[in-house]
Amino acid sequence: MIKPSVYIKDLSKHVGEEVILKGWLYNKRSSGKIKFLIMRDGSGYVQCVVVKNNVDDNVFEIADKITQESSFEVKGKVREEKRAIGGYELDVIDLKLISLSQNYPITPKEHGIEFLMDNRHLWVRSKKQVAILKIRHRIVKAIRDFFDSRGFVLFDPPIITPNACEGTSTLFEIDYFDLGKAYLTQSGQLYAESGAMALGKVYSFGPTFRAEKSKTRRHLTEFWMVEPEMAFYDLDDNMDLAEEFLEYIVQTVLEERREELKELERDTSKLEKVVRPFPRITYDEAVEILRKNGVDFQWGNDFGGGDETIISEQFDKPVMVHRYPAEVKAFYMKRDPQNPKLALAVDVLAPEGYGEIIGGSQREDDLETLIQRIKEHNLPQEYFEWYLDLRRYGSVPHSGFGLGLERTVSWICGLEHLREAIPFPRMIYRNTP
RNA sequence: UCCGCGUUAGCUCAAUGGUAGAGCAUGCGGCUGUUAACCGCAGGGUUGCAGGUUCGAGUCCUGCACGCGGAGCCA
């Protein structure tokens, strides 16, 4: 057995005991005959104190020579220590070097983004990145827990698809044997709809791909999306669910990842406010807000990034904007019976300028109307025959939405850029490491 | 695709058109409570690439490459 006797996060249960820890050297400070080694093991950080007069010469020699990010094993006695990070310290008895690291590129000073991105495989070891990745994991778990405990069934759509879901965005093209071109999915929604007709309430959760030449802090070419789809839900039911969902995610992270949020210096008072009910405004009301704020906005257009910021700044909670002009929305969205120019769509804008994190709608459930929409959007109907079947065989009103995982992580962590919200971001000018 | 900014030591950055420097990292030495520790010494450069102007270019001009930010588009 080579695994350590205990992990750093559990040291509080071992005060006064001798333990063996294994990990990497995060940083080292020294003051003559006493050396301070900060070990990280993935679960946390602990300061190991090596005093020359208390250890064998060869142990002190190792403490002297060990370099940043070298892997090592340490035997020592756990002691409470208010001065140290984490509140506990290890009085070192023995040290074993596992592998010496030489010239680790990421030093304890500042680095530029290009360098850090080139070294992303090492950058993920840094404190801030570790905190973000732990929060990302907790968000993913919260998402799954939320749906799993409410009668939803996980329904995995294909990644390789024969056509565009929405027909507009650019797709990544691949050669698919003798069948010609295929594409990487940009949404699992249409497939999720078939799942909803089979299982009632489903969600899909996986990577999606957009070959848009976007070059902003809000875009990745590969990102993760969770897409619930519910039979017998109208737009209001859909919004109720989205609201409860977001509250659950944010409050869960606040409860369970407080340490990590602190490490990121996140202003948690902003997150505390994310509780139901969220403001709900119509597209028309949003346009009014823009005009009051001096934006010369043309009715019928979609909101740009700057517009979204202005709208969301009016509120300290996520704001739900519903009933958009049908022209700017996808073909599958149902029109508002009260006003056929409007689609029963909803976007949820995160506060603090983080923009759209959810897009959803009630789906068109009438066969003839949907065929008409496909024609209007100049989409090849033959590719959508299977989708039309969902309206031929027991069509029901249904709704769903998609939540962008990285945008959610970015917002909750208070990040400047989406690229830190995923281990290995894929962007227009970067697909390495 | 368009607009703006940038590219100097391993990293982060300085340097009126006139001998390329500092901090971190690395190596050596010092310090028994350090918190991005500190102090001393040392090594480390084809100034992104290709041209041009000039007695002289890191600095000015042209082109290219790469990066960053933004627009459009979107989660």
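All heavy atoms count here, side chains included; hydrogens, waters and symmetry mates do not. Protein chains get the first letters and strands the later ones, always in sequence-line order, with residue 1 at the start of each.
Put simply, the side chain of A/Arg430 and the base of B/C68 share no donor and acceptor less than 3.5 Å apart. A donor-acceptor contact under 3.5 angstrom links the side-chain atoms of A/Ser214 to the base of B/C73. Remark: the A/Glu89 side chain and the B/G33 base include a donor-acceptor N/O pair separated by less than 3.5 Å. Under 3.5 Å, the side chain of A/Ser30 and the base of B/C31 form at least one donor-acceptor pair of N or O atoms. Under 3.5 Å, the side chain of A/Gln47 and the base of B/U35 form no donor-acceptor pair of N or O atoms.
Each of B/U12, B/A37, B/C74 was ranked by its minimum atom distance to the side chain of A/Ser31; first place goes to B/A37. Nearest nucleotide to the A/Glu81 side chain, out of B/U12, B/G33, B/U26: B/G33. Comparing B/C66, B/C74, B/C68 against the side chain of A/Lys215 picks out B/C68 as the nearest. When distances are taken from the side chain of A/Ile113 to each of B/U35, B/A75, B/C68, the shortest belongs to B/C68.
If you take NE2 of A/His219 and C1' of B/U1, they are 15 Å apart, rounded to a whole angstrom. Residue A/Leu90 contributes atom CG, which lies 16 Å from atom C1' of B/U34 at whole-angstrom precision. Nucleotide B/G67 holds its C1' atom 10 Å from the CZ atom of A/Arg419, rounded to whole Å. Spacing between atom CG of A/Leu116 and atom C1' of B/G10 amounts to 14 Å, rounded to whole angstrom units.
In this structure B/C28 sits in a base pair with B/G40, meeting the Watson-Crick or G-U test at under 3.5 Å. For B/C5, the paired nucleotide is B/G67, the pair qualifying as Watson-Crick or G-U wobble because both relevant distances are below 3.5 Å. Partner assigned to B/C11 is B/G23, using Watson-Crick or G-U wobble distances below 3.5 angstrom. Base pairing of B/C60 is made with B/G52, judged by Watson-Crick or G-U wobble geometry with both donor-acceptor distances under 3.5 Å. With a 3.5 Å ceiling on both atom-pair distances, B/U16 lacks any Watson-Crick or G-U wobble partner.
At B/A37, one or more side-chain N or O atoms of A/Arg29 fall inside 4.0 Å of OP1 or OP2 (strictly under the cut-off). The phosphate of B/U32 has neither OP1 nor OP2 within less than 4.0 Å of any side-chain N or O from A/Lys52. The shortest distance between the side-chain N/O atoms of A/Arg217 and the OP1/OP2 oxygens of B/A71 is not below 4.0 Å. Side-chain nitrogen and oxygen atoms of A/His111 include none within less than 4.0 Å of the OP1 or OP2 phosphate oxygen of B/A25. For A/Asn103 and B/G27, the shortest distance from a side-chain N or O to OP1 or OP2 is not below 4.0 Å.
Between A/Phe223 and B/A75, a base-stacking contact is recorded: ring centres under 5.5 Å apart, planes less than 30° from parallel.
Under the 4.0 Å criterion applied to side-chain N and carboxylate O atoms, A/Lys341 and A/Glu327 are not assigned as salt-bridge partners.
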**OP:** Please report the C-alpha distance between A/Tyr183 and A/Phe209 in whole Å, then the side-chain angles of each, then the deciding distance to 0.1 Å, and finally whether the ring-ring contact (aromatic ring centres under 6.0 Å, His included) criterion is met.
**Re:** CA-CA 9 Å; A/Tyr183 306 90; A/Phe209 307 86; over 10 Å; no

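Put simply, the residue from A/Arg79, A/Lys75, A/Lys77 that forms a salt bridge (Lys or Arg N to Asp or Glu O under 4.0 Å) with A/Asp91 is A/Arg79. With A/Phe424 as reference, A/Arg120 is the one residue of A/Arg430, A/Arg419, A/Met117, A/Arg120 to meet the side chain to side chain contact (heavy atoms under 4.5 Å, CB included) rule.
Ring geometry for A/Tyr324 versus A/Tyr283: interplanar angle of 30 to 60°, hence tilted.
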